[in-house]
There are 2 protein chains.
Amino acid sequence: MARAGLTTERVTLAAADLADEVGFEGVAVSAVARIFGVKDASLYSHIKGVQDLRARVAVLALAELADQVAAALAGRAGKDALVAFANAYRAYAKEHPGRYTATQMQLEPEVAAASAAGRHAAMTRAMLRGYDLAEPDQTDAVRLLHSAFHGYVLLERTGGFQHTPRTADASWARTLDALDAVLNNWPPV
Amino acid sequence: MARAGLTTERVTLAAADLADEVGFEGVAVSAVARIFGVKDASLYSHIKGVQDLRARVAVLALAELADQVAAALAGRAGKDALVAFANAYRAYAKEHPGRYTATQMQLEPEVAAASAAGRHAAMTRAMLRGYDLAEPDQTDAVRLLHSAFHGYVLLERTGGFQHTPRTADASWARTLDALDAVLNNWPPV
DNA sequence: TCGAAGTGCCTAATATAATTAGGCAAAAGA
DNA sequence: TCTTTTGCCTAATTATATTAGGCACTTCGA
């Protein structure tokens with residue numbers, strides 16, 4: 001029999017693609033094994049189990065997302081950077097729904113620390129350099145931005161914005177205007 | 001044999017409590033059956049299946065959340081109302097992690113329409129009356145607020161805020177200050 | 001080039017979960 | 001009391017996760 005050529009990376013990648021196709025809940029050991037034309041048990045030499053497989057997809061997605069955002073951010077500053085960051089973030093979530101869902105996983109502390117999660121915060125801070133914010137306001141602003149982006153993307157997906165004629169794109173643009181405005185005019189304590 | 005006295009409501013409530021205890025993924029027909037000391041198959045007279053059970057938990061949670069927020073909002077206006085709304089929202093998410101997760105479910109259109117999801121938007125609009133926003137800015141503001149609250153609560157839960165000494169509570173308070181500021185100073189087109 | 005070691009995928013077995021079909025007994029109504 | 005309905009059960013099927021142990025292919029040293 002020809003070997004399937006399984007690797008932890010290849011398995012993870014297949015799982016990530018599967019997640020984007022059928023949703024993150026659909027990421028099962030058996031489903032991935034089916035893709036490779038291999039028995040379920042064969043995957044256990046490469047991954048510890050479903051939880052491990054899913055966590056790997058999460059780590060992959062976090063890294064990809066950080067890459068996309070970093071690329072979009074290159075050479076921009078101020079509102080330009082804010083918009084680029086936000087659009088790259090939202091675009092990734094739309095193109096890779098399953099992967100994006102994976103990023104919501106509760107990762108083990110060590111795994112999370114080793115992941116690209118830290119890069120997000122660093123990039124957001126870099127982006128904020130165009131605004132005049134000292135600590136701890138900067139940290140608070142990072143959290144507000146991240147929350148707004150994350151929340152928007154999720155609500156848009158679950159259809160929370162469908163009961164009004166206003167398009168999600170239009171509100172998104174204005175939301176970025178609003179966030180830019182607060183960053184330029186951060187309330188004093 | 002004494003009957004367990006199963007009811008769709010009782011089953012849903014048990015599932016909701018279970019969700020808060022072990023997480024929404026842990027809501028299984030078998031687990032709920034175990035709670036009632038009943039066979040799995042017995043639950044199928046009351047619910048259509050796991051998906052149906054989970055959707056019911058989602059609808060319950062949406063209603064409870066709307067109630068909590070409505071109560072907190074009563075008699076308040078302006079920033080006072082904003083803070084009350086936000087705190088009630090976040091408190092519910094913290095006290096009922098499983099139920100809150102359930103609210104993220106993709107509900108069938110008809111179910112979603114019949115649920116309390118609409119009440120949220122209505123309440124948010126009511127809260128915004130203290131600010132001077134015309135359409136479509138009002139809709140955009142509702143979306144920003146909802147996104148920020150939802151995103152904040154989720155990121156806080158997955159531990160996204162743990163890499164900095166700044167507490168989640170402190171940033172939350174400042175985030176509300178910032179949101180109040182934008183609402184008072186919504187950027188012109 | 002041959003043989004030892006390691007690796008890759010398989011078979012087999014077990015446990016948990018979801019779901020359907022059909023049955024018996026308890027509760028409710030005439 | 002008799003009948004109907006309803007509630008929970010048994011039994012069977014299917015899918016998934018996971019572990020243990022085996023055989024064959026690959027690779028690498030001698």
Side-chain angles (χ1 to χ4, degrees), chain A residues 1-60 98-99 101-102 104-108 111, chain B residues 1-60 98-99 101-102 104-108 111:
Chain A
M1 314 257 190
R3 299 199 172 178
L6 298 183
T7 298
T8 305
E9 280 75 37
R10 262 194 277 263
V11 169
T12 303
L13 209 39
D17 290 344
L18 179 66
D20 284 338
E21 280 172 42
V22 305
F24 190 59
E25 336 68 55
V27 174
V29 174
S30 53
V32 176
R34 225 171 282 135
I35 290 174
F36 284 103
V38 134
K39 297 294 175 179
D40 299 10
S42 305
L43 293 184
Y44 285 82
S45 327
H46 306 282
I47 54 166
K48 291 202 189 79
V50 228
Q51 287 314 309
D52 177 56
L53 176 61
R54 290 183 175 172
R56 284 175 191 280
V57 172
V59 170
L60 170 72
R99 280 165 155 94
T101 301
Q104 290 181 73
M105 266 197 67
Q106 185 94 40
L107 292 176
E108 314 231 340
V111 181
Chain B
M1 313 259 191
R3 299 201 173 178
L6 298 184
T7 298
T8 303
E9 281 75 39
R10 262 193 277 263
V11 169
T12 302
L13 209 40
D17 290 344
L18 178 67
D20 284 338
E21 279 173 42
V22 304
F24 190 58
E25 336 69 54
V27 174
V29 175
S30 53
V32 177
R34 226 170 282 135
I35 290 174
F36 284 103
V38 134
K39 296 295 176 180
D40 299 9
S42 305
L43 293 184
Y44 286 83
S45 328
H46 306 281
I47 55 166
K48 291 202 188 78
V50 227
Q51 287 315 310
D52 178 56
L53 175 61
R54 290 184 175 171
R56 284 175 191 281
V57 173
V59 170
L60 170 71
R99 281 166 155 93
T101 300
Q104 291 181 71
M105 265 197 69
Q106 185 93 41
L107 291 176
E108 313 231 339
V111 181

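Since this is a predicted model, take the numbers as computed values, not measurements. Residue numbers begin at 1 in each chain, while the letters A, B, ... track the order of the sequences.
Interatomic distance, OG1 of B/T12 versus CG of B/D17, reported as 11.0 Å (0.5 Å rounding).
Here the closest non-hydrogen pair linking A/A58 and A/L107 is CB-CD2, 4.1 Å.
Which of C/dC9, D/dC8, C/dA18 sits closest to the side chain of B/D40 comes down to C/dA18. Proximity note for A/A41 (side chain, C-beta onward) versus D/dA20, C/dC9, C/dT19: the nearest is D/dA20. Among the nucleotides C/dA18, D/dC8, C/dC9, the one closest to the side chain of B/V50 is C/dA18.
Taking atom NZ of A/K39 as the reference point, atom P of D/dC23 lies 18 Å away to the nearest angstrom. Rounding to whole angstrom units, CG of residue A/L53 and P of D/dT16 are separated by 14 Å. Going from atom CG of B/L43 over to atom C1' of D/dT6 covers 15 Å, rounded to whole Å. Spacing between atom CG of A/D52 and atom C1' of D/dT18 amounts to 13 Å, rounded to whole angstrom units. Across the protein-nucleic acid pair, A/R10 atom CZ and C/dC9 atom C1' stand 14 Å apart, rounded to whole Å. Remark: P of D/dC8 and CZ of B/F36 are 10 Å apart, rounded to the nearest angstrom. Separating the CD1 atom of B/I35 from the P atom of C/dA17 is a distance of 12 Å, rounded to the nearest angstrom. To the nearest angstrom, C1' of C/dA26 lies 14 Å from CG of B/L6.
Regarding contacts with the backbone of C/dC9, a side-chain N or O of A/H46 is found under 4.0 angstrom from either OP1 or OP2. Within the structure, every side-chain polar atom (N or O) of B/S45 is placed at least 4.0 Å from both OP1 and OP2 of D/dG7. OP1 or OP2 of C/dT16 has not a single side-chain nitrogen or oxygen of B/R34 nearer than 4.0 Å. Checking the phosphate oxygens (OP1, OP2) of D/dC9, a side-chain nitrogen or oxygen of B/S42 falls inside 4.0 Å.
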Given B/Q104 and B/F24, is the side-chain contact (heavy atoms from CB on, under 4.5 Å) satisfied, shown in steps?
-> CA-CA 10 Å; B/Q104 291 181 71; B/F24 190 58; over 6 Å; no
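By the side chain to side chain contact (heavy atoms under 4.5 Å, CB included) test, B/V22 pairs with B/L18, sequence neighbours left out. For the side chain to side chain donor-acceptor pair (under 3.5 Å) test, residues two or more places apart in sequence or in another chain that qualify with A/D20 are A/H96, A/R99. Shown here are the side chain to side chain contact (heavy atoms under 4.5 Å, CB included) partners of A/A15, two or more places apart in sequence or in another chain: A/V27, A/V32, A/L53, A/V57. Applying the side chain to side chain contact (heavy atoms under 4.5 Å, CB included) criterion to B/A28, with sequence neighbours excluded, gives B/S30, B/A31. Listed by chain and number, the residues in a salt bridge (charged side-chain N to carboxylate O under 4.0 Å, His left out) with A/R54 amount to none (sequence neighbours excluded).
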All N/O contacts under 3.5 Å from nucleotides 13-15 of chain C to the protein, with atom names and distances to one decimal?
none

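The salt bridge (Lys or Arg N to Asp or Glu O under 4.0 Å) contacts involving residues 21-41 of chain B comprise nothing, where partners must be two or more places apart or lie in separate chains. The stretch residues 41-53 of chain A participates, sequence neighbours left out, in these side-chain hydrogen bond (donor to acceptor under 3.5 Å, both in side chains) pairs: A/D52-A/R56.
Near DNA chain C, defined here as any heavy-atom distance below 4.0 Å, the residues from residues 15-30 of chain B are B/A28, B/V29, B/S30, listed numerically.
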